[in-house]
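Notes for the one structure printed next.
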Amino acid sequence: MAKKKNAAYVVWKGHKTGVFDTWAQCQQATSGYAGAQFKGFTSKAEALAAFNGELSTPKAPTGHALTVDAAWNSVGKDMEYQGVWLDTGETAFRVGPIADGTNNIGEFLAIVHGLALLKQLGDDCPIYTDSATAMAWLRKKKANSQNVKEGRVDAKLIELLARAELWLQENPYPNKVLKWHTKDWGEIPADFGRK
RNA sequence: ACAU
DNA sequence: CTATGT
Ligand SMILES: [Mg+2]
Ligand SMILES: [Mg+2]
């Protein structure tokens, strides 16, 4: 394998940051700097894009994907969730309202419902969620709901959660589950628009 | 603090 | 303002 020569260097963290033309300049900008981050690129255009990519406003994803979201009333404890296709805006599924839930239970069930639907459709597209908590529960295949432990959640929902966790145990899935960056991209399409 |  | 979570 022929090695390509580096034509430019990006320094993200260093004494100075930016795109440099030579390894010597890159060294000057980074040596002795704790936690320096830098990388060489085979073209200046590539380097500029890489440096730029961190500073420019990230663009919301487009294309075929499923977005999910939950809504929950902290006073009445009513919970619902839905899935909306990113590319068409059409509703893929909608569940609830169900009494005595939580925001996080809704966000978690929405993801698993989406995964099951995509599996049934043979669709390997990604799922977007705005919930860091639900993503953590999904990774562990376990809904760590404090309210369930404290007995504040409806029995029917606890059963739904058990089914969701079991589905995750028994069903491999190809879909990526990705974070929707609300701050950069605006509300997720599946949002209920109640805030 | 961050994410809902 | 209240509530659910890492
Ligand atoms: Mg949400
Ligand atoms: Mg929402």
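Between the P atom of C:dG5 and the CG atom of A:Leu109 lies a distance of 12 Å, rounded to the nearest Å. Between the CG atom of A:Leu138 and the C1' atom of C:dG5 there is a distance of 15 Å, rounded to whole Å. Between the CG atom of A:Asn144 and the P atom of B:A3 there is a distance of 20 Å, given to the nearest Å. Going from atom NZ of A:Lys142 over to atom P of C:dT6 covers 12 Å, rounded to whole Å. One can place NZ of A:Lys140 at 8 Å from C1' of C:dT6, the figure rounded to the nearest angstrom. Rounded to whole angstrom, the span from the NZ atom of A:Lys195 across to the C1' atom of B:A3 amounts to 12 Å. Regarding A:Ile105, its CD1 atom lies at a distance of 17 Å from the C1' atom of B:A3, rounded to whole Å. In this structure, the CD atom of A:Glu150 is 10 Å from the P atom of C:dG5, given to the nearest Å.
Ring geometry, A:Trp85 versus A:His64: the interplanar angle falls under 30°, so the pair is classed parallel (tilted spans 30 to 60°).
Within the cation-pi definition used here (under 6.0 Å to the ring centroid, within 45° of the axis), A:Lys44 does not qualify as a partner of A:Phe41.
For the residue pair A:Lys149 / A:Asn144, a side-chain donor-acceptor distance below 3.5 Å is found, with atom types taken as modelled.
Taking only side-chain atoms of A:Ser145, from C-beta outward, the nucleotide of B:A3, C:dG5, B:U4 with the closest atom is C:dG5.
In this structure, A:Glu80 pairs ionically with A:Arg194, as a charged nitrogen and a carboxylate oxygen lie closer than 4.0 Å. Look at A:Asp191 and A:Lys195 and you find a salt bridge, because one of the NZ, NE, NH1 or NH2 atoms lies within 4.0 Å of a carboxylate O, short of that distance.
Residues A:Tyr9 and A:Trp23 bring their aromatic ring centres within 6.0 Å.
Contact check, A:Trp180 against B:U4: no side-chain N or O comes under 4.0 Å of OP1 or OP2. Listed pair A:Ser131 / C:dG5 fails the phosphate criterion, with no side-chain N or O lying under 4.0 Å from OP1 or OP2.
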Would you list the protein and nucleotides 1-3 of chain C atom pairs, both N or O, that sit under 3.5 Å from each other?
unit_1 : atom_1 : unit_2  : atom_2 : d
C:dT2  : O2     : A:Ser74 : OG     : 2.7

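The residue A:Asp69 sits apart from the nucleic acid: no heavy atom pair falls under 4.0 Å.
When all heavy atoms of A:Ile158 and A:Val153 are compared, the closest pair comes out as CD1-O, 3.6 Å.
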